[in-house]
Protein chains: 2
Amino acid sequence: MTTLNDIAKRAGVAKSTVSRYLNNGSVSDKTREKIQAIIEETGYVPNQFAQSLKAQHSNMIGVVLPRFDSPSTNQVLKGIDDVAHEKGFQLMLTNSNLSIEREKENISLLERQKVGGIILIASKMDEDLKKQVTQLSIPTLILGQKIEGVPSLVHQDYEAGRLIAEHALELGHTKILYVGVTEEDNAVGVLRRNGFMDTVKEAGFEAAFHETSFSRKEAYQQALDYLPTTEATYIAAATDHIAIGILNAANELNLSVPDDFSLSGFGGYSESDYTFPSITTIDYPFYDLGIKALNRIEQMMKEDPVSLLETLPNQLNVKQSTKKIK
Amino acid sequence: MTTLNDIAKRAGVAKSTVSRYLNNGSVSDKTREKIQAIIEETGYVPNQFAQSLKAQHSNMIGVVLPRFDSPSTNQVLKGIDDVAHEKGFQLMLTNSNLSIEREKENISLLERQKVGGIILIASKMDEDLKKQVTQLSIPTLILGQKIEGVPSLVHQDYEAGRLIAEHALELGHTKILYVGVTEEDNAVGVLRRNGFMDTVKEAGFEAAFHETSFSRKEAYQQALDYLPTTEATYIAAATDHIAIGILNAANELNLSVPDDFSLSGFGGYSESDYTFPSITTIDYPFYDLGIKALNRIEQMMKEDPVSLLETLPNQLNVKQSTKKIK
DNA sequence: CTGAAAGCGCTAACAA
DNA sequence: TTGTTAGCGCTTTCAG
């Protein structure tokens, strides 16, 4: 392996000169050329361990993600990765497998690895985790949730709830069922639902509520139970996955969407395009979120000032699964 | 930050003694206890950069994956991650975004990072790449493809093709269309198809062939064209995604699966469970592949001997989309 | 069983 | 502009 020292010897200079060439660049033209030639010839690449040992941190970017098989997370990841690749950052991905304990573990791990920055794609949060994140000495960016005092990028979930509710009301629906998830998830479980419920209430109606999990399978099985008896003409599911589960149950029960009831999701995963009927949803800019995230964490690593909170707008995407009530 | 030196000083011993305590362990009981207490008290954690600088390599495991949004890759990843987490290995994931150039880049990158082992989830391959992999000084394991002389784990794709063909024939179908992909992908484009075609031919029939891409959207659009005129009573798609695309087109055209034609995929992604009708497929053990991969790379890193090639069996999973011909 | 000392490859303060 | 030097935190010989 070629080292700084090798280059220095062959160029007949001190290693600090080579180091300077590599970093600041304050070197005479003559030595510059000499060094350059030798580096090219040998294909020298600096040893990252030595650099990091010296610097006391690496410039990798750590990412904590909730799971590998979430289409939305994968879109975010793709955005992060595209920019990271372009800017030459190395990513260190850690999976917390939907466990809050592993989220904490992963953060500690990235801290120990002394990554330059952390992007936390949040799922569940508790006080412990918030405290841990707040005390981190590494620049940290939260995606999808908020923590007091920590920079974050979030979707406009409350507004998304409103958009879907307005859509349902415009189509003339008044018997409405909202199928949501646990309040432990603030963005999906609380904001979307509140945006939806508030809007329905303001219009003078009341939506029923059913709580399910994020699992498509569970949504499917529960829907088999409640679909036969529900009076709702519009069912708003809190995610596209849940909506797909409900659609599968409707098919199973020989109910037609949107003839028997209208159905919508949230998310804009490409999945909701490929069901039949395709499902009305709110498109979230996941890919853009990833792009923004990496740019922002880079700023933070350079200690540029950044705003604490940025919200990304989303929009209604009307497809085949919703229609005017007769 | 606490260092080895700090511990040594506080314990009144030399740092080499602490190091020995941490590694081999040949230390007197008395010093052992002293050191232990201080380490616990301070929460000391060894500096990985220093360790790696010394060792000239880290014990992270690098993974090269084709893209983030593939359900099968995600399953493999989950298997890899579960074992890695259990065994305390750190993963370094790199995305090659379906580009063979980025595959090469990523491998070089992992080489420069001096990871302890590389798991290459292959997609496309060319001679250059094969050469690069063969010359690697880091233990490397290929998933899903073969390279001469490099350990690999592959699916039984040819056999999978046979299984599906046998199923179609058993149901009495003789007018068969196989919708496949490019031969650049050996496992999916060549082996699956050959297994299928050979079996059909041995039975005395001939299947038609249509080439498409891996994209569900493209499969959908092309199917809109050929479904109205095809004579096939059985369509075998080379992946579940393609099958879903075809199913969507059938829905669009008011064709019924399996009444108008039977349809099958390959892959066993959970997606094929949640369409209506659910799609007959070959279940591949992706998660197990990930588990095996990590165990194997660990062996390789310990320089245990490993077999060069292991093939993982898969099995037919009959669901609602295929039925006996009338 | 333990300590002293060298060195992994790099950076940066200081001196020339 | 350049070289000398010290040191990041750890492991590992080699003596004792």
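Note that this is a predicted model, so its numbers are computed, not measured. Residue numbering restarts at 1 for every chain, and letters A, B, ... go by the order of the sequence lines. Both backbone and side-chain heavy atoms feed into the values below; hydrogens, waters and symmetry mates do not.
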Side chains of residues 138-151 of chain B: which donor-acceptor partners sit under 3.5 Å, not counting sequence neighbours?
| from | atom 1 | to | atom 2 | distance (Å) |
| --- | --- | --- | --- | --- |
| B:Thr140 | OG1 | B:Ile138 | O | 2.8 |
| B:Gln145 | NE2 | B:Ser123 | O | 2.9 |

Taking OH from B:Tyr21 and P from D:dT12, how many angstroms apart are they, rounded to a whole number?
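Those two atoms, OH and P, are 18 Å apart.
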C:dC10 P sits how many Å from A:Lys9 NZ, rounded?
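Rounded to whole Å, this separation is 12 Å.
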How does protein contact run along nucleotides 1-10 of chain D, one letter per nucleotide 5' to 3', with B for base contact, S for sugar-phosphate only, - for none, heavy atoms under 4.0 Å?
SBBB--BBBB
Would you mind reporting whether [Y] and [X] have side-chain heavy atoms less than 4.5 Å apart?
X	Y	answer
A:Met301	A:His57	no
B:Lys114	A:Gln48	no
B:Ile61	B:Val115	no

Taking NZ, NE, NH1 and NH2 as the nitrogens, is one of them in B:Lys78 or A:Asp69 under 4.0 Å from a carboxylate oxygen of the other?
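No, no charged N to carboxylate O under 4.0 Å.
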